[in-house]
Every structure is written in C-alpha cells, then in structure tokens.
Asks: 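Got a structure for you, written out below as structure tokens; questions coming shortly.
Within every chain, numbering begins at 1; the chains are lettered A, B, ... in the order of the sequence lines, protein sequences first and strands thereafter. Keep in mind that what you see is a predicted model, and the values were worked out from it rather than measured.
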Protein chains: 2
Amino acid sequence: MPEEKISTADASKREGSTGRPVRADAQRNVEALLEAALAVFAKSGVDAPVREIADAAGVGVGTFYRHFPQRADLVAAVFRHEVDACADAAPILASEHEPGEALARWMQRYADFIATKRGLASALHSGHPAYGALHAYFNERLQPALAGLLKAAATAGEVRGDVEPEELLRAVGSLCMQASDDGRDQTRRMVALLVDGLRYGAGTARGDR
Amino acid sequence: MPEEKISTADASKREGSTGRPVRADAQRNVEALLEAALAVFAKSGVDAPVREIADAAGVGVGTFYRHFPQRADLVAAVFRHEVDACADAAPILASEHEPGEALARWMQRYADFIATKRGLASALHSGHPAYGALHAYFNERLQPALAGLLKAAATAGEVRGDVEPEELLRAVGSLCMQASDDGRDQTRRMVALLVDGLRYGAGTARGDR
DNA sequence: CTTGTAAACGGAACATAGTTCCACATCTAA
DNA sequence: TTAGATGTGGAACTATGTTCCGTTTACAAG
C-alpha cells in the first residue's frame with residue numbers, strides 16, 4: 001500500500017510498466033546516487049548542491065536529473081526507508097508500554113529521526129511544492145502509525161481525543177527544525193511539553209512529572 | 001536599550017558617529033526601501049528577490065546594498081517595530097487578565113504576528129547566519145516580555161515553572177512556520193496545546209493562590 | 001553662485017544554485 | 001553484429017544574492 005511514485009528511482013531491477021528491462025548501468029547509477037546522497041547529506045545537510053552529489057556518485061548532473069526529476073525526489077528516495085522504520089516502531093512501542101507512554105515515546109522517536117537529518121525538517125516545511133511527494137509519503141506512513149497510538153491513549157483516558165494526528169506530526173516536525181548543536185535537549189523538552197498538552201484535560205490531569 | 005546595530009539603516013537624520021550629516025537623498029532612499037519592502041513582503045513574502053524590492057523603491061541594487069549590507073538586514077529593519085509592538089503587548093495583557101490567561105493570549109498574539117509574515121519564521125529559523133541580528137533582536141525584546149508573563153503565571157500556580165522563555169519563543173516560532181491558507185487555526189491549536197502543556201503539572205514552582 | 005569632494009548611486013558583472021537540452025555513448029534484443 | 005531505444009555528460013540557461021566601480025549628486029566652504 002505504501003508504494004507511491006515518490007520518485008522515478010524505485011522499480012527493482014525488473015521491467016518498468018513498458019515491458020523493457022531497466023538497463024544495468026542505469027540501475028548502477030541510481031544506486032551510486034543514493035549511496036552518495038546519504039553520505040553527502042550526512043556531511044553537508046539536505047541542502048547540498050546537486051553537483052556535489054552527482055560528483056560524489058561519479059555521474060553528471062544530467063544523469064542525476066534523469067533519475068530524480070527534481071532534487072527533492074532524491075531526498076525522498078533517500079529517506080524513504082527511514083520513514084518506514086519510524087512508522088514500524090509504533091506498534092512495537094504500543095506492545096511494550098502503556099498507551100500514554102507509548103505515545104510519548106513514539107513522539108520522541110519521531111522527533112529524533114527528523115532532528116538528526118540536518119535540513120530535513122526545513123525542507124519538509126519549506127512549502128516548496130517540490131517536496132510535496134516527500135511530505136505526502138511522510139503523512140501516508142506516519143499518520144496511521146500515530147493515529148493508532150493516539151486513539152489507544154485517548155481510549156485509555158490518558159490524553160484528550162480531539163487532536164488530529166496530522167497536526168501533531170506537523171507540529172513535531174516544526175519543533176525539530178532548529179537542528180544540530182545544543183538544541184537536541186531543548187527539542188525533546190518542547191515535544192514533551194506538547195505531549196503534556198495532550199494529557200492536560202484528559203481524565204487524569206493531576207500535577208506530576 | 002533595545003537599540004542595537006541591527007542594520008545600517010537607522011540613525012535619524014542627524015549625523016552618524018563620523019560627525020558628517022547623512023545626505024538627504026540617502027535618507028530618502030532608505031525610507032523608500034523600507035516602504036517598498038513592507039509592500040513587497042506582504043505580496044510575495046519575505047523571500048522576495050532583492051531586485052524586486054529595489055525596483056519597487058525606484059533605486060538600484062547597489063543602493064540597496066549600501067544601506068543594507070545583507071538582505072537579512074532589510075528584513076530586520078522592516079520588522080523591528082512590529083517586534084516592539086508585540087513586546088509591548090505583554091504588560092497590557094498582564095494588566096487585563098489573570099496570569100495564566102494573559103500568558104495564553106500573548107502566546108497567541110506572538111504566533112499571529114509570526115504567522116502573518118510569510119516566510120519570517122522560516123527565515124528566523126533557517127540557521128543562516130545572516131539572520132543572526134534579527135534573531136538576537138527578537139530574543140532581546142520578546143524574551144523579557146514573555147519571561148514576565150511566565151513568572152507571574154508560575155507564581156500564581158497556573159503553570160509549571162521549569163520552562164525557559166527562550167525555548168518557548170523558539171518553539172512557537174517553529175510552530176508558525178507552515179504559514180498561509182488553512183493553517184492558521186491549526187497553528188493556534190498547536191500553540192494552545194503547548195500552553196496546556198505548561199499548565200499540566202503546574203505547581204512545580206513556589207506557588208500560592 | 002561656484003566649486004571641490006566625499007558620499008551616494010546604478011546597474012553590469014560575478015558567484016552559486018537548480019534545471020534543461022542534446023549530441024554522443026552504451027546497452028540489449030534479435 | 002547491429003540497429004535503435006535508452007542512458008550519459010556537461011555546457012548552457014535561469015534565477016538570485018552580492019560585489020565592483022565609473023558616474024552622479026549633495027552640500028559646505030569660499
């Protein structure tokens with residue numbers, strides 16, 4: 001279900017919709033680009049120049065754009081499996097903790113994911129239409145994950161039930177934009193504050209923690 | 001004391017530190033640029049091209065850069081008095097409402113300010129060093145304003161006392177980055193959620209009431 | 001009023017970015 | 001082996017921030 005055409009860069013070795021197989025060299029170049037991008041993003045952030053990534057992969061920019069029509073498509077492809085991992089963490093946390101605690105932990109998990117990718121959050125929230133696909137994929141995978149946790153916690157009376165998961169995702173994403181250096185603790189505190197906001201006014205609102 | 005050298009573009013008509021008076025045409029151009037910028041920012045957002053602003057003001061880009069060494073300096077100059085207005089709203093709200101309510105209202109006031117300036121929040125949080133002065137000015141004026149409200153509310157036992165005003169400012173700024181269209185309500189809800197987070201577990205400070 | 005000159009001006013030019021284009025190279029099926 | 005679809009590289013185009021510098025202008029001193 002989560003398979004969207006987030007970029008041209010999937011289609012495992014077998015043929016595309018045309019019937020003709022993907023050329024081996026093309027396949028190689030796509031992989032080289034993804035690998036190079038991961039490294040370059042880690043070193044220079046998500047905003048690294050296209051040329052830098054193409055050079056690192058040993059291909060020309062033309063090749064880059066053949067496989068990733070827009071810069072953002074590369075970003076999307078690179079982070080796709082990390083998004084999946086984050087989504088998959090939800091049911092696991094749910095099985096290990098009380099509903100409220102699971103929710104709180106997942107929110108931090110999500111925050112950590114975003115925060116460690118320099119520039120990812122900014123890119124996502126830049127409003128630039130090029131990141132629409134990435135944004136869509138984030139919602140597609142993460143919203144159901146969060147929705148489950150949220151509903152369970154609300155049913156258990158641990159948090160209020162009138163907040164949309166999509167809003168929360170966006171909010172946490174926003175909070176993580178500051179990035180890097182000493183801000184990690186601060187980000188965690190702000191996410192925790194948001195979660196406490198969810199708790200406020202649920203059945204169990206007493207002073208503690 | 002809020003007078004910092006946020007840009008080259010202050011110094012009211014009188015002489016600068018050199019002793020020589022500011023030339024009248026220069027003075028005019030600075031004003032034309034500020035006025036044009038306000039209009040262009042409203043229409044095209046804070047990210048509008050320098051040339052567009054220069055054209056609107058009827059000056060060349062060279063003149064632009066003479067008065068505002070960096071694009072960001074213009075942004076800072078344009079929003080300076082709006083920041084002041086926001087800061088000044090704090091004591092007024094404090095005198096009209098209960099501490100907790102005053103805090104909540106000011107947070108929304110601040111959020112509205114940021115949110116209505118397309119791209120302002122993004123610029124502030126872009127991490128780009130050019131916006132350092134603007135960011136500093138924001139903190140300089142707004143942090144004391146919020147600190148007062150926060151302390152009063154904590155003393156009244158309405159909110160917890162272990163949160164730094166600077167963190168909150170940054171958090172609200174982040175939450176407002178999404179901007180425009182249908183997001184205003186959502187932003188307000190998220191800011192409210194953050195405030196509820198402050199209320200959750202109130203009493204962490206020497207409270208009474 | 002004239003004039004010397006520091007100050008200000010304008011916009012061409014430069015640097016960096018994303019993206020497009022297309023002549024040429026390469027792969028693959030027959 | 002070979003034809004042609006597919007893929008490649010990088011020059012070139014666009015947009016944008018910023019710098020440079022020859023020219024113009026304000027203004028105070030004479």
Side-chain angles (χ1 to χ4, degrees), chain A residues 7-9 11 13-33 36-37 40-41 44-76 119 122-123 126 128-131, chain B residues 7-9 11 13-33 36-37 40-41 44-76 119 122-123 126 128-131:
Chain A
S7 86
T8 310
K13 192 169 289 80
R14 292 273 149 263
E15 26 75 53
S17 49
T18 62
R20 208 174 295 273
V22 176
R23 259 170 60 168
D25 55 343
Q27 180 78 16
R28 259 197 317 278
N29 281 332
V30 167
E31 273 153 26
L33 278 167
V40 172
F41 285 171
S44 313
V46 171
D47 294 327
V50 166
R51 284 168 181 75
E52 188 178 338
I53 299 165
D55 287 351
V59 305
V61 286
T63 301
F64 178 105
Y65 278 96
R66 159 159 291 267
H67 298 298
F68 305 97
Q70 298 209 315
R71 239 191 67 83
D73 294 325
L74 204 224
V75 178
S122 303
S126 66
H128 197 302
Y131 285 102
Chain B
S7 86
T8 310
K13 192 169 289 79
R14 290 273 150 265
E15 26 74 51
S17 50
T18 62
R20 207 173 294 273
V22 175
R23 259 170 62 165
D25 56 344
Q27 180 78 17
R28 257 198 317 278
N29 282 332
V30 168
E31 273 153 26
L33 278 167
V40 172
F41 285 172
S44 314
V46 171
D47 293 326
V50 167
R51 284 167 181 73
E52 189 177 336
I53 299 166
D55 286 351
V59 306
V61 285
T63 302
F64 179 105
Y65 278 96
R66 161 160 290 268
H67 297 298
F68 304 96
Q70 299 209 313
R71 239 190 67 83
D73 294 325
L74 204 225
V75 178
S122 304
S126 67
H128 198 303
Y131 285 101

Asks: Heavy-atom nearest nucleotide on DNA chain D for Arg71(B) versus Asp25(A): which residue maps closer to 5'?
Replies: Asp25(A)

Asks: Assign each of Val59(A) and Gly62(B) to its nearest nucleotide of DNA chain D by heavy atoms, then name whichever residue's nucleotide is nearer the 5' end.
Replies: Val59(A)

Asks: When the distance from CZ of Phe64(B) to C1' of dA12(C) is rounded to whole Å, what number comes out?
Replies: 18 Å

Asks: Are Phe68(A) and Val75(A) packed together at the side-chain level, in the sense that at least one heavy-atom pair is separated by less than 4.5 angstrom?
Replies: no

Asks: Are His67(B) and dC9(C) close enough that a side-chain N or O sits under 4.0 Å from OP1 or OP2?
Replies: yes

Asks: Where is the tightest heavy-atom contact between Leu74(A) and Ala37(A), given as atom of each residue plus distance?
Replies: CD1-CB, 3.5 Å

Asks: If we only count heavy atoms from C-beta on, is the Val50(A) to Tyr65(A) side-chain gap below 4.5 Å?
Replies: yes

Asks: Quick one: is dG7(D) close enough that its OP1 or OP2 comes under 4.0 Å of any side-chain N or O from Thr63(A)?
Replies: no

Asks: Does the Asp73(A) side chain pair with the main chain of Gln70(A), one donor and one acceptor, at a distance under 3.5 Å?
Replies: yes

Asks: What pair of heavy atoms forms the shortest contact from Tyr131(B) to Val46(B), and how long is it?
Replies: OH-CG1, 4.4 Å

Asks: Answer yes or no: side-chain N or O of Arg23(B) and base N or O of dA8(C) forming a donor-acceptor pair under 3.5 Å.
Replies: no

Asks: CD of Gln27(B) versus C1' of dC27(D): gap in Å, rounded?
Replies: 15 Å

Asks: Considering only heavy atoms, which members of residues 45-56 of chain B lie under 4.0 Å from some atom of DNA chain C?
Replies: Arg51(B)

Asks: Of the non-hydrogen atoms in Ala48(B) and Arg71(B), which two are nearest, and what is the gap between them?
Replies: O-NH1, 2.6 Å

Asks: Nearest-Å distance, CZ (Phe68(B)) to P (dG17(D))?
Replies: 15 Å

Asks: For Ala56(B) versus Val40(B), what's the shortest heavy-atom pair and its separation?
Replies: CB-CG2, 4.0 Å

Asks: With a cut-off of less than 4.0 Å, is there a side-chain N or O of Tyr65(A) near OP1 or OP2 of dT20(C)?
Replies: no

Asks: Find the distance Arg66(A):CZ to dC22(C):P and express it as a whole number of Å.
Replies: 14 Å

Asks: Find the distance Leu74(B):CG to dT18(D):C1' and express it as a whole number of Å.
Replies: 14 Å

